[in-house]
Amino acid sequence: QVQLVESGGGLVQTGGSLRLSCTASGRTFSGYALGWFRQAPGKEREFVAAVSWTSGGTYYADFVEGRFTISRDVAKNTLWLQVEGLKPEDTAVYYCAARSDGAVATTGYDIWGQGTQVTVSS
């Protein structure tokens, strides 16, 4: 059974940084696309960034504005999200997800992790 497990969240001050990780087990993700999403309290889940597991090609949401970097370690089956210049509005549960058709897209992901909480204090 495929599992995605996120970690690395926490409480940081405005302007701080975190490195979120997502470890995959149960299979390799060759041919997949993996992405990060977030959901703030009272809001819908939104796309953050995605990467092609095979090519490394990336795509970001407009609000990222160069503050976040998605990457993957194929050998370790691990997805990363480096988040910098954090703002209080970045407070959310961050989820990683996998899309089996490999499309680097903002929707259509069919495997989800349980999420990791990021809280940014002002």
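The structure displayed is predicted, hence computed values, not measured ones. Quick note: residue numbers are just sequence positions, from 1.
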By side-chain hydrogen bond (donor to acceptor under 3.5 Å, both in side chains), which residues pair with [X], not counting sequence neighbours?
X    : value
Q117 : T119
T116 : none
D101 : R99
S121 : none

Do you know the tightest heavy-atom contact between P88 and S122? CG-CB, 3.9 Å
Heavy-atom nearest pair, T78 first then S21, reads CG2-CB, 4.3 Å
Which residue pairs pass the ring pair (Phe, Tyr, Trp, His ring centres under 6.0 Å) test with at least one member in residues 59-79, sequence neighbours excluded? F47-Y59
Which pairs with one or both residues in residues 69-107 pass ring pair (Phe, Tyr, Trp, His ring centres under 6.0 Å), sequence neighbours excluded? none
Membership question, hydrophobic clusters at under 4.5 Å side-chain separation (ILVMFWY): are V74 and L34 in the same one? yes
For the hydrophobic clusters of this structure (ILVMFWY residues joined by side-chain heavy atoms under 4.5 Å, transitively), does one cluster hold both L81 and V64? yes
Would you list the pairs meeting side chain to side chain donor-acceptor pair (under 3.5 Å) in which at least one residue belongs to residues 68-77, sequence neighbours left out? none
Residues pairing under side chain to side chain donor-acceptor pair (under 3.5 Å) where one sits in residues 40-54, two or more places apart or in two chains, turn out to be R38-E46, S52-S55
Less than 4.5 Å apart, side chain to side chain, heavy atoms only: is that true for [X] and [Y]?
X    : Y   : answer
L4   : F29 : yes
V104 : T58 : no
V118 : D90 : no

Hydrophobic cluster partners of V5 (side-chain heavy atoms under 4.5 Å): none
Determine yes or no for a side-chain-to-main-chain donor-acceptor pair under 3.5 angstrom, with Q82 supplying the side chain and L20 the backbone. no
With sequence neighbours left out, write down each residue that passes side-chain contact (heavy atoms from CB on, under 4.5 Å) with A97, or none if nothing qualifies. F37, Y109, W112
Which residue pairs pass the disulfide bond (SG atoms under 2.5 Å apart) test when at least one of the two sits in residues 15-122, sequence neighbours left out? C22-C96
Contacts satisfying salt bridge (charged side-chain N to carboxylate O under 4.0 Å, His left out) that involve residues 107-122 (not counting sequence neighbours) are none
Salt-bridge contact E65-K87 (side-chain N to carboxylate O under 4.0 Å): yes
Pairwise distance CG(L79) to CD(E6) - rounded to 0.5 angstrom: 9.0 Å
